[in-house]
Amino acid sequence: MFEILMIVALSLLSIAILLNIYRAVKGPSAADRVLALDAIGINLIAGSAVLSVLLHTHAFLDLILLVGILSFIGTIAFARFVERGVVIERKR
């Protein structure tokens with residue numbers, strides 16, 4: 001029964017990722033696209049965690065950490081771009 005629930009969870013996360021990909025492509029604004037990419041990162045983290053539990057392994061924990069860090073950095077970079085117009089300021 002537990003394995004069936006894990007497979008259902010993976011299926012629902014896959015559908016959520018597909019819907020977020022659609023929003024990332026068709027988003028009316030850049031903020032919608034970035035939020036969709038952030039949601040894709042969160043869904044990838046959750047899917048990796050469910051797959052790790054389903055396969056009884058710790059191999060995906062590094063992947064979870066890496067995707068979380070990259071998602072956070074991307075969100076911070078977009079916030080700086082929206083606030084200042086540039087991601088990296090160059091003072092001359």
Side-chain angles (χ1 to χ4, degrees):
M1 181 70 177
F2 183 72
E3 291 178 0
I4 293 172
L5 288 176
M6 290 292 143
I7 292 171
V8 169
L10 279 175
S11 301
L12 292 175
L13 286 168
S14 300
I15 291 170
I17 289 172
L18 289 175
L19 291 173
N20 283 319
I21 289 173
Y22 175 77
R23 178 50 55 199
V25 171
K26 297 293 254 182
S29 68
D32 289 331
R33 289 184 174 100
V34 170
L35 286 175
L37 290 174
D38 195 34
I40 289 170
I42 293 169
N43 288 330
L44 282 174
I45 290 170
S48 298
V50 169
L51 190 62
S52 178
V53 169
L54 186 63
L55 296 177
H56 303 289
T57 183
H58 298 285
F60 296 109
L61 298 180
D62 294 333
L63 175 70
I64 291 170
L65 185 62
L66 180 68
V67 171
I69 290 170
L70 290 176
S71 178
F72 175 73
I73 291 172
T75 303
I76 295 300
F78 178 70
R80 290 190 89 186
F81 178 73
V82 168
E83 181 182 351
R84 299 180 183 158
V86 294
V87 177
I88 299 173
E89 293 182 16
R90 296 183 184 177
K91 295 181 181 179
R92 294 182 183 191

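Computed from a prediction, not measured in an experiment: that's the story for all the values here.
When all heavy atoms of A24 and A36 are compared, the closest pair comes out as N-CB, 3.7 Å.
One hydrophobic cluster, built from ILVMFWY side chains closer than 4.5 Å, cannot hold both L10 and L12; they sit in different ones. Both L54 and L63 sit in one connected hydrophobic cluster of ILVMFWY residues. Membership requires side-chain heavy atoms under 4.5 Å apart, directly or through other members. Hydrophobic clustering of Ile, Leu, Val, Met, Phe, Trp and Tyr side chains at less than 4.5 Å, counting indirect connections, keeps L35 apart from I17. Under a hydrophobic-cluster definition in which Ile, Leu, Val, Met, Phe, Trp and Tyr are linked whenever side-chain heavy atoms come within less than 4.5 Å, directly or via other members, L18 and I45 are assigned to different clusters. Put simply, L61 and M6 are part of the same group of oily side chains (I, L, V, M, F, W, Y) that touch within less than 4.5 Å, one to the next.
With sequence neighbours left out, T75 forms a side chain to side chain donor-acceptor pair (under 3.5 Å) with D38. Applying the side-chain contact (heavy atoms from CB on, under 4.5 Å) criterion to R33, with sequence neighbours excluded, gives no partner residue. In terms of the side-chain contact (heavy atoms from CB on, under 4.5 Å) criterion, residue partners of A9 (sequence neighbours excluded) are, by chain and number, V50. Residues meeting the side chain to side chain donor-acceptor pair (under 3.5 Å) test with T57, sequence neighbours left out: none. Applying the side chain to side chain donor-acceptor pair (under 3.5 Å) rule to S48 yields no partners; only residues at least two apart in sequence or on another chain are considered. Every residue meeting the side-chain contact (heavy atoms from CB on, under 4.5 Å) condition with N20, not counting sequence neighbours, appears here in chain and number order: A39, I40, N43. Take A49 and apply the side-chain contact (heavy atoms from CB on, under 4.5 Å) test, not counting sequence neighbours, and it matches I64.
With side-chain heavy atoms closer than 4.5 Å counting as contact, directly or through intermediates, the hydrophobic cluster containing L19 also holds I15.
At least one side-chain heavy atom of L55 sits less than 4.5 Å from a side-chain heavy atom of F60. Contact of the F78 side chain with the L37 side chain is not registered, since no non-hydrogen atoms from C-beta on lie closer than 4.5 Å.
Residue pairs satisfying the side chain to side chain donor-acceptor pair (under 3.5 Å) criterion with at least one member in residues 3-16, sequence neighbours excluded, are absent.
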